[in-house]
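What follows is a short report on a single structure.
Residue numbering restarts at 1 for every chain, and letters A, B, ... go by the order of the sequence lines.
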Protein chains: 2
Amino acid sequence: MASIKDVAAEAGVSVATVSRVLNDHPSVSADARARVLAAVEVLGYRPNAVARSLRTDQTHTLGLVISDVMNPYFTELARSVEEEARALGYSVIIGNADERPDLQDHHVRNLLDRRIDGLLVSPTDGASPLMLDAARGGTPMVFVDRWIPGVDVPVVRADGQSAIRDLVAHLHGLGHRRLAIIAGPAATTTGRERVEVFRKALAAHGLELPDAYTGQGDFQAESGRRVTEGFLDLAEPPEAVFAADNLMALGALDAIRARGLRVPHDIALAAFDDIPWFVHTDPPITAIAQPTGELGRAAVRALVDRIEGRTPRSVTLAARLVVRRSCGEDPAENPVTNRSTS
Amino acid sequence: MASIKDVAAEAGVSVATVSRVLNDHPSVSADARARVLAAVEVLGYRPNAVARSLRTDQTHTLGLVISDVMNPYFTELARSVEEEARALGYSVIIGNADERPDLQDHHVRNLLDRRIDGLLVSPTDGASPLMLDAARGGTPMVFVDRWIPGVDVPVVRADGQSAIRDLVAHLHGLGHRRLAIIAGPAATTTGRERVEVFRKALAAHGLELPDAYTGQGDFQAESGRRVTEGFLDLAEPPEAVFAADNLMALGALDAIRARGLRVPHDIALAAFDDIPWFVHTDPPITAIAQPTGELGRAAVRALVDRIEGRTPRSVTLAARLVVRRSCGEDPAENPVTNRSTS
DNA sequence: CCTCCTTGTGGAATCGATTACATCGACTGC
DNA sequence: GCAGTCGATGTAATCGATTCCACAAGGAGG
């Protein structure tokens, strides 16, 4: 592959001049510029990004480490991150941690070795020493969706508080009193937080969240199935199940079907994270929707701000409840609510 | 960040020795090795992959350009590609073309500039000059899922012929005679091929595929909706619709629902590409499943073979029909179904 | 006509690694 | 005791860019 030297030879100038033309430095004569451009054309020359990065100490690349690509929420996040990054002149390398701390570390290390300009992370676990070092060591970093408390890194996330309160009100309004939750891993902020907010929202209605109704999942479908089976085995199973992410909701749906039970007739189901498919499931699933695209874009902007020397800001956007049919027929979904009859 | 020079200074040896230790070259004394390793530890040194790549002319990175990340089929493909690549010591950079030739070219160019060791592509369109140049120019390349005819590049794909024949037999067996297809873009091999195979399979049953029953989609949900609306507007709408990918099937489902029609009672629906969500839609959708994971792994192996100087082989795996309920109840298909009543 | 800028250009250092080649002891074998 | 080998190490070239610095030519100003 042609190098800058070949171009210089072809154009009859020095490599310095070629470089100037390529980076449109002002002091190059029109003549030289034309000759260089012609040579570039003839040779089909493309600058070697590796060499350039070594010299300039910039890769114009962002790393994105997410917990699970197969989760549509993260897929959408990745997509919006790439879009915004591209608009700002950066590429993105995605690392899929699959909810495994060791894989997460593998990707972080790999990205650091490649000297990416900045790192976007949705941490799988509490705090790997590696990530802490990176953060303290000055690698530009931004957390997205999940974060690690106590680390001085901007966080871009959605706040589900009011949406979860709305959900509990919705369930309560439909007459459900025994509400259960399939929690995410305690090591993640979103795993813990959603349970706590849910518990508080229940309390506001005078309801408790017994331990038996708090199942420990890991954000993967299989754990949703397992936990739900546990719920259904109880002497007094819950009337409604709230899954802390979409995949666990899917697992729950499986488990419920496998028992020959029907949603919402026999048991209500709701999920955190809305995805296109929830419209098409049987029944359509009530979910809490995050502004995923906005989240991804904001995260990239924050990270690029940090990289380019501006001060990045943490961002919190609101999630919102999207009511469908999986919690029961709400005759009055549309304004009229079930006020009159029961 | 510490460089190899710092390590050399700290260990009291030359950079050559440090490099030798790091690449475990045989002739290094135990003493020197120990001192270097200690220095590496102390400084938290990590080799700069950029510098290494410049020197060795290898990045140990594969590029993967796919047509649409948001399509679960490609997400799964990407995941298996990354897994296999990691197992073989390579990283993967994903470029999402979003079914847009210009974006595809952007990513190919970007990956080439970064001097990736090899390229895995599922082309969005016929043939961009850029990609042809790359292929001819000696960049190791493998096509996956889709390919460009007439280019000498190995292809790893699934063959849907027998599965499509099975599907048509299934539909025919259920009494459907007016069968329609939502095709993919004619610029893609999978777009063209699936229509042709479908047409031939119909012919085998003495059925025709009129133009009115061949809708032109673009592998995105919205086009599935549009085409299906066209079908439903016909004086004599089809009894069954086969969507050439999963997203268009989703759009079709939307369009059907929007008319207040029911699947499979009013119209049957089937899709190419099976995805986990199809089990949970209302009704569960009959689909043709590709061995996606196997495809991704085989593609990586072929590409790495090419990169490392072995001879890569094209691979064709079989797709298979997965019958669910969206084409009608098939009493025999699944013993348990509604055999007695009706 | 002589300075002093300005503009355009090339030479060479540099980024952080790898690796060919030279060197230097120590050891082997005759 | 000496040539030849081998193992361990260092010096320096190299990969392909960017960029500092020096320098030449030409124009402006005194």
From CD of Q58(A) over to P of dG16(D), roughly how many Å is that when rounded to an integer? 21 Å
Could you check whether E84(A) pairs with R79(A) (Lys NZ or Arg NE/NH1/NH2 to Asp/Glu carboxylate O, under 4.0 Å)? no
Taking any heavy-atom pair under 4.0 Å as a contact, classify S19(B): base, sugar-phosphate, or nothing. base
Could you tell me whether V13(A) contacts a base, only the sugar-phosphate backbone, or nothing, with contacts defined as non-hydrogen atoms closer than 4.0 Å? sugar-phosphate
If you check the A16(A) side chain, which of dG11(C), dA17(C), dT9(D) turns out closest? dG11(C)
D113(B) CG to dA17(D) C1', straight-line distance once rounded to whole Å: 13 Å
For D145(A), is there an ion pair with R157(A) - N to carboxylate O distance below 4.0 angstrom? no
What contact category does A32(B) fall into here, base, sugar-phosphate, or nothing, at under 4.0 angstrom with non-hydrogen atoms? sugar-phosphate
Take atom CG of D24(A) and atom P of dT18(D), then tell me their distance rounded to the nearest Å. 11 Å
In whole angstrom, what separates K5(B)'s NZ from dT11(D)'s P? 13 Å
Between atom CZ in R20(A) and atom P in dA12(C), what is the gap in whole Å? 15 Å
Nearest-nucleotide wise, let me know which of T17(A) and L54(A) is further upstream toward the 5' end of DNA chain D. L54(A)
Between S314(A) and V155(A) (side chain of the first, backbone of the second, donor and acceptor by atom type, cut-off under 3.5 Å), is there such a pair? yes
With a 4.0 Å cut-off on heavy atoms, is N23(A) in touch with a base, just the backbone sugar-phosphate, or nothing at all? sugar-phosphate
Is it the case that atom CZ in R136(B) sees more than 12 heavy atoms from other parts of the structure closer than 6.0 Å? no
Does a side-chain N or O from S53(B) land closer than 4.0 Å to OP1 or OP2 of dC15(D), or not? no
Answer with base, sugar-phosphate or nothing: what part of the nucleic acid does R55(B) contact at a heavy-atom distance below 4.0 Å? base
To the nearest angstrom, the CZ-P distance between R52(B) and dA17(D) comes to 21 Å
Between R35(B) and D31(B), does any NZ, NE, NH1 or NH2 come within less than 4.0 Å of an OD or OE carboxylate oxygen? yes
5' precedence on DNA chain D between S27(B) and Y45(A) (nearest-nucleotide basis): S27(B)
Can you measure R115(B) atom CZ to dG16(D) atom C1' for me and round it to whole angstrom units? 9 Å
Rounded to the nearest Å, what distance is computed from the CG atom of residue D57(B) to the P atom of nucleotide dC15(D)? 11 Å
Out of dG16(D), dA8(D), dG8(C), which nucleotide sits closest to the side chain of S29(B)? dA8(D)
